[in-house]
Each structure stands twice: as C-alpha cells, then as structure tokens.
S.K.: 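Quick one: this structure, given as structure tokens, is what I'll be asking you about.
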There are 2 protein chains.
Amino acid sequence: MLTDRQRMILNAIVDDYISSAEPVGSRSISKRGDVGYSPATIRNEMADLEDLGYLEQPHTSAGRIPSHKGYRYYVDHLVPWNSAESAEMGTIRAFFAEKLNAMEQVIQHAALVLSNMTNYTSILLGPEVFHTSLRHFQLLPLDDRTAVAIIVTSTGQVENRTVNIPPEVSVSEMEKVVNLLNSKLVNVPLYKLKTRLYSEIGEEMQRHISHYEELMQVLDTALESDQEQRIYLSGATNMLNQPEFKDVDKVKTILDLLEETPTLLKMMAPELGGTGIQVRIGTENNHVAFANCSLITATYSLDGQALGSIGILGPTRMEYARVMGILGILSRDLTAMLAHWYK
Amino acid sequence: MLTDRQRMILNAIVDDYISSAEPVGSRSISKRGDVGYSPATIRNEMADLEDLGYLEQPHTSAGRIPSHKGYRYYVDHLVPWNSAESAEMGTIRAFFAEKLNAMEQVIQHAALVLSNMTNYTSILLGPEVFHTSLRHFQLLPLDDRTAVAIIVTSTGQVENRTVNIPPEVSVSEMEKVVNLLNSKLVNVPLYKLKTRLYSEIGEEMQRHISHYEELMQVLDTALESDQEQRIYLSGATNMLNQPEFKDVDKVKTILDLLEETPTLLKMMAPELGGTGIQVRIGTENNHVAFANCSLITATYSLDGQALGSIGILGPTRMEYARVMGILGILSRDLTAMLAHWYK
DNA sequence: CGTTAGCACTCGAAGCAGATGAGTGCTAAC
DNA sequence: GTTAGCACTCATCTGCTTCGAGTGCTAACG
C-alpha cells in the first residue's frame with residue numbers, strides 16, 4: 001500500500017529513532033545519503049505517512065517519531081532479516097560450548113547471556129511441566145516423622161519437597177509404595193501424575209497396604225507439581241539505561257510488574273498457533289505499564305511442540321532487527337539442544 | 001558530651017528528617033511542642049551541633065540535616081528502644097504460624113515479609129554451609145552414564161548435582177560406596193566432607209572397590225559444596241520509593257550492586273564478634289554507591305554461633321527505631337526456630 | 001546569664017520574558 | 001515530480017526577578 005519511497009523513508013526514520021531516541025527531522029534523513037531526496041520532498045512524504053498513521057509528532061515543530069502502527073509495519077515488512085550469519089552467532093555458540101547439564105542451568109545461563117548481549121531485559125520461561133515426565137521418584141527419610149520427596153524429571157530437573165509422615169505408617173510400607181510408584185509411574189507426564197496415582201495405583205495399593213488413606217495423603221503432597229513455572233529474569237535494571245525511562249515512576253511500575261510471576265507468565269505463555277518470532281508492540285501487551293515497551297518472544301520446542309519461551313523486553317524504540325536475529329538463533333539452538341537431550 | 005537539650009534537639013531533627021526527607025528548620029522544631037524553646041534558641045543549639053559535626057547544611061539558608069556522625073549518635077544513644085511489645089510482633093509471629101518446613105523456604109519467606117513490612121530492601125543470608133552437616137547422601141541413576149547426587153543437609157536443604165559416571169564403574173559398586181558414605185559421613189559438617197572423604201574412607205574404599213580413581217573423581221564433584229551461599233533479596237525496587245533516589249543514575253548503581261552476589265556477601269557476612277544489631281551508616285558500608293544508604297543487620301544463630309544474617313538496606317534517612325525493632329524480633333524468632341529445629 | 005524578639009542577609013526554587021533554532025507547511029519556481 | 005525559499009511554530013535555553021524559608025547576629029528582656 002505504501003510506495004517504495006515511503007517505505008524507504010519510514011525505514012530511515014525508524015532506524016534513526018531507534019539509535020537516537022530523538023524525534024527525527026526531514027533534514028537529517030536527507031543528509032543520511034541512503035534516501036536521495038531533498039528535505040522538502042521528504043517532508044511531503046512524512047506528512048503523508050503521518051496522515052496514514054505511521055508517524056507521529058510530539059508537537060508541531062518537532063521531528064517525527066514512529067507510531068505503534070509504524071513500528072508494526074517496520075517489524076512486519078522492513079526489518080533487515082540478516083538472521084543468517086551474524087556476529088552474534090559466535091557469542092551464542094560459545095555459550096553452548098560450556099558443558100551444562102541440567103536444563104535449569106542452561107535456561108538460567110541463557111537468560112544472562114541474552115540480557116548481556118542485548119542490554120535489554122530478558123525473560124525466559126522454563127520447559128513446561130506440561131511436557132516433562134517423571135524419571136525417578138524417591139523418598140528419603142529425614143527422621144521418624146519427616147522425609148524428603150525427590151522427583152527427577154526427564155529434563156534433568158530435580159524437585160524436592162518435605163513431607164510429614166503419619167506415625168502409623170512404617171518404613172517398610174513406604175518402601176513398598178515407592179517401588180510401586182517407580183514401576184508404574186515412570187515416563188508419565190508430570191501433570192498427569194496425581195490422577196494416575198489414583199486411577200492406576202490406588203486399587204493395587206489398597207490391597208497390599210494398610211493405612212491407605214494416610215499414605216495417599218502423603219503422596220498427594222509429595223507429587224504436588226511445582227505449579228509456579230520457573231521464570232528466569234535477567235538484566236531487569238537495564239531498563240534504567242533507556243532514556244525513555246529516566247522517570248523513576250514509570251520505571252518503578254515496570255520493575256514492579258516484572259516481579260509478579262503471574263503477569264510474566266501470562267505475557268510469556270507461548271501463543272497457541274504462534275511459531276517463530278513474535279513481536280508485541282506497546283499496547284499490544286495487554287498492560288498499560290508496558291505501553292512504551294515492546295516484547296519480542298520466541299519459543300523453543302520438542303517434536304514441534306512448544307516447551308517454553310524466551311523473550312526480550314525493551315522500549316518500543318528497540319533494535320528489532322538485532323534482537324530478532326539473536327532470539328531466532330538462540331531458540332533454534334535451544335531446540336536443537338533439547339532434541340539432542342532426549343536423544 | 002552533649003547537653004540534654006542538644007540531645008533533645010538532635011533527636012527531634014533526625015526524627016523530623018526521617019519522616020519528611022526535607023532539611024528541617026528551627027521553626028518547625030520549635031512548633032513540634034516536645035522541645036519547649038523558641039526558634040532562636042534552637043538555632044543557636046543547631047549552630048553548635050553543626051560545629052560539633054552532628055548536623056549539616058545543604059546550603060546556607062536551608063534547614064539542617066543530620067550528618068553521618070549525627071545518625072550514628074542517634075542510633076547509638078537516642079533510638080527509642082521499644083523492642084518489647086510492638087505492633088510489628090503480630091505480623092512476624094503470624095508469619096511463623098504458617099507451617100514451613102525446609103529452612104530455605106523459611107528464609108525466602110522471611111525476606112518477603114521483611115521487605116513488605118518495612119518498605120525497604122531486605123537481604124537475607126542463608127544458614128552457612130559452615131555449620132550445617134550431612135544428613136543423607138544419595139545417588140540416583142538417570143541413565144547408564146549419568147546420575148543425580150543428592151545431598152540432604154541438617155537444615156533440611158536439598159542440594160543436587162548431576163554427575164557423569166565412568167563406564168567402568170558398575171551399579172553395585174556405586175551402591176556399595178553410597179552405603180559406605182552414609183555410614184561414615186553422616187553428621188560431618190559440609191565443608192569437611194571432601195577432606196574426610198579422603199582421610200577416613202579412602203583407605204577402606206581402596207580395599208573393596210576396583211576403579212578407585214574414577215570413583216573418587218565422581219564423588220569429588222558430587223560433594224562439591226554449593227559455594228555460593230544463598231542470598232535472598234526482596235523488595236529491591238522499594239529503593240525507588242525513596243525521594244533521595246529519584247535520580248535514575250544513582251538508583252541504577254545501587255540496583256546493579258544488589259545483583260552482585262559477592263558484594264552482598266561481603267556486606268552481609270556476620271561480623272566476627274558482633275552480636276546483636278549492627279548499623280552501618282553511609283560510607284561505613286565500604287562502597288561509594290552506598291554512601292547514601294544505611295544497612296541494618298542482625299544475625300541468627302545456633303548455640304551462640306552465628307549461622308546467617310538478615311538485613312535491611314534503606315536510605316541513611318531510615319526509620320532506624322522501627323527497623324531495628326523488627327530485625328531484633330525476627331532474629332530472635334529465627335534463632336528460636338533453629339534451636340527447635342535441631343531439637 | 002540564659003532566652004527570645006527582631007532584623008538584615010543568603011540563596012535555592014519558581015516564575016517569566018526573550019532569544020534560539022530545529023523543524024514544519026506552503027507556495028512558487030525549476 | 002522535485003526542490004528552493006520563506007514564514008511560522010514551539011520546545012528549550014538563558015538570564016532575570018521575585019519569593020520565602022531559614023539563618024546569624026545583636027540587642028533587649030526576665
């Protein structure tokens with residue numbers, strides 16, 4: 001719908017604004033050289049672009065800045081898509097070179113690397129409990145009344161929970177039960193554990209075990225899956241580097257939001273059909289506090305099914321191209337790594 | 001060294017400044033009522049206090065604000081010591097009412113409660129590895145090449161580490177070793193584990209076990225104690241509420257420092273002889289960035305030996321009385337809880 | 001002699017006026 | 001279709017003034 005020249009100018013404006021954070025005027029676009037027109041011509045086009053809603057003017061005699069619609073167009077049509085062989089590649093690959101074992105560590109480290117590379121805030125969502133399964137279950141007695149329930153998942157995570165053991169239950173009985181669980185529940189997805197516990201094992205347990213009720217209660221709390229999905233944040237204070245957040249109040253509302261796990265979860269939850277890289281600009285994140293922020297997310301997956309997501313939060317004036325490139329590489333590599341993990 | 005009246009006035013000034021964050025003038029002190037003198041008299045005393053170094057003037061015709069020395073005097077001699085039965089007590093006790101099991105959870109929760117109650121930043125240092133001992137050791141095989149080493153400590157913490165098992169070592173051998181470890185190393189302090197491993201068990205193992213070298217290597221990484229002591233931060237963004245930190249740059253350096261674990265460790269490390277509540281004002285924290293901050297810390301202990309510490313970081317203009325009261329109560333209760341924990 | 005009233009003085013904060021200049025929109029010429 | 005020229009706008013900067021909170025000093029008071 002836009003002419004080539006309009007696209008070119010819009011592109012130049014967004015680029016300029018991204019790096020300068022100042023409204024950009026017709027003269028500075030003209031001087032850049034890559035748009036070979038005089039300021040006047042550019043002014044005309046800018047006026048048109050403003051009418052079409054791609055640009056905004058903070059006030060009459062200031063330069064133009066991209067509107068949300070402008071950013072959207074930029075992201076959808078103009079981003080220089082140099083995902084191929086970027087300089088970033090090296091850093092990311094180097095990060096994978098360190099041998100890291102448990103999935104959790106990988107994710108945590110990735111968050112750090114991301115925020116350092118981009119100077120924005122990175123948000124990583126751990127592999128969903130949804131798709132991980134039980135690899136091993138164990139009860140370690142601490143004393144005669146308490147024990148630690150240990151759940152090892154297929155991604156190598158180890159979760160533990162302290163449980164109270166009712167006095168009536170004997171150690172040998174506990175052992176029997178644990179063996180039963182390990183033989184029957186291994187490879188069952190975590191979120192199905194509790195239902196399977198009742199449906200498949202209940203009957204058998206009732207036959208062999210006294211104090212069925214009490215034991216079930218213990219197991220129930222033991223298998224309580226760590227509902228709060230792991231979220232890893234890194235570089236939250238990078239927000240403070242951005243000139244648009246030099247107002248403490250604004251930044252405070254954002255940082256406060258970042259401490260609320262549920263909000264983050266909602267934001268980061270992988271879109272249903274959404275594969276590839278998603279960009280949500282300004283109000284597209286459904287939160288007023290993020291009106292001046294953009295969130296770029298990608299998912300990593302196994303067998304084509306999204307397992308978790310990685311994201312970068314920054315100002316709407318964000319280095320979309322670079323960040324999208326980095327996220328693309330990282331999500332691909334994470335996916336590859338997962339596949340390898342499962343052999 | 002100060003006269004009663006000077007003390008009274010200093011106290012009034014600090015109190016006023018703590019709640020208003022504005023330089024306080026002679027008139028406002030006089031109007032408060034609790035100092036029954038005219039502004040002129042108070043002015044004279046203020047001039048003296050300034051000469052003595054307890055007060056400062058931001059500029060000639062502004063009110064006075066307490067100097068570091070003034071805060072120090074206030075904290076040492078003037079803080080209304082109402083630790084007895086404060087309203088805070090309820091909140092803290094309520095927090096302990098929830099039954100919480102593992103030490104780790106308790107600490108984490110305490111950090112949250114502290115920052116919420118005070119509106120400052122809370123920093124908690126977990127129980128030192130130094131004084132916790134091994135309660136149980138376990139190796140869970142994941143597949144034929146890897147296993148999870150699980151260490152349960154006397155404080156109920158569960159640490160886990162993934163280790164690679166050399167192909168030459170058989171499962172039954174591993175079991176033998178684990179049993180040996182459990183029979184010999186339980187109740188040994190964590191930091192002594194590795195030396196004990198070599199001194200006491202090495203010999204015996206060499207007799208019964210083939211592939212001694214390889215196994216030792218596995219155990220060595222498995223017992224590697226989680227060097228980085230656990231630090232729990234809460235309410236870091238509360239810093240942004242303080243008017244003295246409305247300048248983004250200042251707050252950024254502080255928040256950045258708070259993300260550096262080593263720095264925090266150094267700051268929070270329990271003082272050697274120091275028992276009770278410690279207050280470090282401004283530059284007494286050895287960090288320029290904390291020049292405008294005060295850190296109040298207390299320790300919790302077992303058998304008279306400090307295990308960890310709890311602290312509140314806020315502006316030098318801080319509600320010392322309240323915070324010190326809260327920290328006092330909480331540290332006492334944590335200590336009591338620990339004693340109970342060990343029975 | 002300690003306390004207080006009075007007063008001149010200081011100095012930052014707030015408000016205002018004019019200058020500056022980046023940037024625009026429009027018109028007319030190329 | 002493009003561009004040069006020009007009048008116009010408006011945020012920002014600067015210097016100036018005013019205002020007032022607060023001081024220090026002196027002298028008077030009980």
S.K.: In whole Å, I'd like the distance from the OH atom of A:Tyr37 to the P atom of D:dA4.
M.R.: 14 Å
S.K.: Look at atom CG of B:Asp51 and say whether more than 12 heavy atoms of other residues, nucleotides or ligands are closer to it than 6.0 Å.
M.R.: yes
S.K.: Keeping the roles fixed (side chain from A:Thr297, backbone from A:Ile310), state whether a donor-acceptor pair exists under 3.5 Å.
M.R.: no
S.K.: For A:Cys293, is there any backbone N or O sitting under 3.5 Å from a side-chain donor or acceptor partner on A:Thr316?
M.R.: no
S.K.: I'd like to know if the side chain of B:Arg64 reaches the main chain of B:Gln57, judged simply by a donor and an acceptor atom lying under 3.5 Å from each other, with no hydrogens or angles considered.
M.R.: no
S.K.: In this structure, how many angstroms lie between the C1' atom of D:dT12 and the CD atom of A:Glu22, rounded?
M.R.: 12 Å
S.K.: Hey, is the side chain of A:Arg5 poking within less than 4.0 Å of OP1 or OP2 on D:dT2, counting only N and O atoms?
M.R.: yes
S.K.: Just to be sure I follow the notation: if a pair is Watson-Crick (purine N1 to pyrimidine N3 plus N6-O4 or O6-N4) or a G-U wobble (N1-O2 and O6-N3), each under 3.5 Å, what dot-bracket string does DNA chain C give, with | for pairs to another strand?
M.R.: ||||||||||||||||||||||||||||||
S.K.: Would you say B:Tyr17 and B:Pro66 make side-chain contact, with heavy atoms under 4.5 Å?
M.R.: yes
S.K.: Only one of A:Gln278, A:Arg72, A:His68 clears side-chain hydrogen bond (donor to acceptor under 3.5 Å, both in side chains) with A:Glu284; which?
M.R.: A:Arg72
S.K.: Over 60° means perpendicular and under 30° means parallel, so tell me whether B:Tyr54 and B:Tyr73 are parallel, tilted or perpendicular.
M.R.: perpendicular
S.K.: Are the side chain of B:Lys69 and the backbone N or O of B:Leu52 linked by a donor-acceptor pair below 3.5 Å?
M.R.: yes
S.K.: Atom CG of B:Asp48 and atom C1' of C:dG2: how far apart are they, to the nearest Å?
M.R.: 13 Å
S.K.: Could you encode protein contacts along nucleotides 13-30 of chain C as a string, one character per nucleotide from 5' to 3', using B for base contact, S for sugar-phosphate-only contact and - for no contact, with a heavy-atom cut-off of under 4.0 Å?
M.R.: ---------BSBB-----
